[in-house]
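I have placed the structure first, in the form of structure tokens, so that the comments after it can refer back to it.
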Amino acid sequence: MKVLKPLQMQAYEYMKEKILNNEFTPGEIYSETKIAAEIGISRTPFRDAVQRLVQEGYIDIIPSKGFMLHEMEVRDIVETFQVRTAIEGYCAMLAAREAKSDRAGELFEELDRLMGKLNKFAEENNINRFVEYDNQFHLKLVAYAGNSAFDEMFGMYIHRIRNMASSSLMHPGRVAETLKEHNDIIRSMKSGDIEAVNNAISAHMERPKEIMLGTYK
């Protein structure tokens, strides 16, 4: 017997999928009543879903009008990279400490495989596919810790991460820099050098943050 998800969860997943698939237009205000009708639920469970998406930074409520996609601010950029540095830095450090283990070896093999894809799409100048595999690279790294709280928090930021990656990778030379930084991260983890790991992760976060903050000057 199939168990139906609560209406709030159905609405949340419906909305989040549309956001992640870029089906909402930035700057446009959307009616809660209209979209609740699309899903076929009342406004109460839909409003609960909206509130959760607001808390996670996906959308903003426009009083008496509806909601719109959240517009990135300087604080959002800084906080996102702080969260990424903390989580990814810990996970990379953990892999480095266990560099000789079979589990770490499996991680390194998977990251090397993803690097093959990234190099391929860099050569083809296919930014969309490059971003897709860049996300997989970082998700795989975070998953290594086996920490559900890390996975959930990182998942909350994945939309921002993807959008900022798409923007920063348009900067001249950024794709090549990203490939080098990824290789530095893998190499430092394989070596078991914790200081090198921290330096590699920090360098990989600082450059795109610098590019993104530059757009607000």
Side-chain angles (χ1 to χ4, degrees), residues 3 5-21 45 47-61 69-70 72-111 113-114 131-166 168 181-182 185-186 188-190 192-206 208-209 212:
V3 179
K5 295 180 180 178
L7 294 178
Q8 295 93 329
M9 182 57 69
Q10 292 180 41
Y12 170 80
E13 292 181 351
Y14 176 86
M15 288 280 291
K16 188 170 181 178
E17 183 177 1
K18 288 176 73 71
I19 292 170
L20 295 178
N21 289 334
R47 174 53 66 89
D48 290 340
V50 165
Q51 290 294 339
R52 179 175 173 182
L53 290 165
V54 168
Q55 292 172 359
E56 294 180 0
Y58 287 104
I59 61 177
D60 294 320
I61 292 176
L69 289 177
H70 177 69
M72 292 287 289
E73 301 173 352
V74 168
R75 184 183 68 179
D76 297 317
I77 295 171
V78 172
E79 289 181 354
T80 298
F81 282 105
Q82 287 175 341
V83 168
R84 291 189 63 188
T85 301
I87 293 178
E88 294 187 53
Y90 176 83
C91 296
M93 179 183 67
L94 185 62
R97 285 177 174 171
E98 303 172 355
K100 303 302 182 182
S101 70
D102 291 341
R103 196 165 76 92
E106 292 174 1
L107 171 67
F108 302 151
E109 287 181 8
E110 179 62 12
L111 295 182
R113 184 190 73 81
L114 292 172
V131 169
E132 177 186 338
Y133 280 91
D134 179 69
N135 276 345
Q136 288 188 32
F137 181 98
H138 292 286
L139 286 167
K140 183 63 64 174
L141 177 58
V142 171
Y144 181 78
N147 186 313
S148 59
F150 283 177
D151 295 337
E152 182 178 356
M153 180 172 289
F154 201 81
M156 287 170 54
Y157 283 86
I158 200 65
H159 182 58
R160 289 186 188 179
I161 292 170
R162 187 172 69 180
N163 286 345
M164 285 193 281
S166 296
S168 65
E181 290 161 9
H182 280 192
I185 291 170
I186 295 172
S188 65
M189 288 191 297
K190 288 179 177 179
D193 187 333
I194 303 300
E195 183 177 357
V197 166
N198 290 332
N199 289 339
I201 290 289
S202 294
H204 188 49
M205 299 301 162
E206 284 303 313
K209 183 178 76 172
M212 292 305 300

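With sequence neighbours left out, Lys209 forms a salt bridge (Lys or Arg N to Asp or Glu O under 4.0 Å) with Glu206. Legend: residues meeting side-chain contact (heavy atoms from CB on, under 4.5 Å) with Lys190, ordered by chain and number and at least two apart, are Phe108, Asp112, Ile186. With sequence neighbours excluded, no residue satisfies ring pair (Phe, Tyr, Trp, His ring centres under 6.0 Å) with Tyr144. With sequence neighbours left out, Leu7 forms a side-chain contact (heavy atoms from CB on, under 4.5 Å) with Gln10, Ile41, Pro45. The salt bridge (Lys or Arg N to Asp or Glu O under 4.0 Å) search around Lys140 returns none, not counting sequence neighbours. Partners of Arg97 according to the salt bridge (Lys or Arg N to Asp or Glu O under 4.0 Å) rule, which considers only residues two or more places apart in sequence or in another chain, do not exist here. Taking the side-chain contact (heavy atoms from CB on, under 4.5 Å) definition, one finds that Asn135 meets it with Val131, Ile158, Ile161, Arg162, sequence neighbours left out. In this structure Asp102 satisfies the side-chain contact (heavy atoms from CB on, under 4.5 Å) test with no other residue, sequence neighbours excluded. Applying the ring pair (Phe, Tyr, Trp, His ring centres under 6.0 Å) rule to Tyr14 yields no partners; only residues at least two apart in sequence or on another chain are considered.
Here salt bridge (Lys or Arg N to Asp or Glu O under 4.0 Å) pairs that include residues 47-56, with residues two or more places apart or in two chains, are Glu32-Arg47, Arg52-Glu56. Sorted by first and then second residue, the pairs that involve residues 192-204 and meet side chain to side chain donor-acceptor pair (under 3.5 Å), not counting sequence neighbours, are His138-His204, Glu181-His204, His182-His204.
Formation of a donor-acceptor pair under 3.5 Å by the Tyr58 side chain with backbone atoms of Met156 is found in this model.
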Using distance only, find each side-chain donor-acceptor pair of residues 145-153 under 3.5 Å and give its atom names and separation, not counting sequence neighbours.
residue : atom : partner : partner atom : Å
Asn147  : OD1  : Ala149  : N            : 2.9
Asn147  : OD1  : Phe150  : N            : 3.1

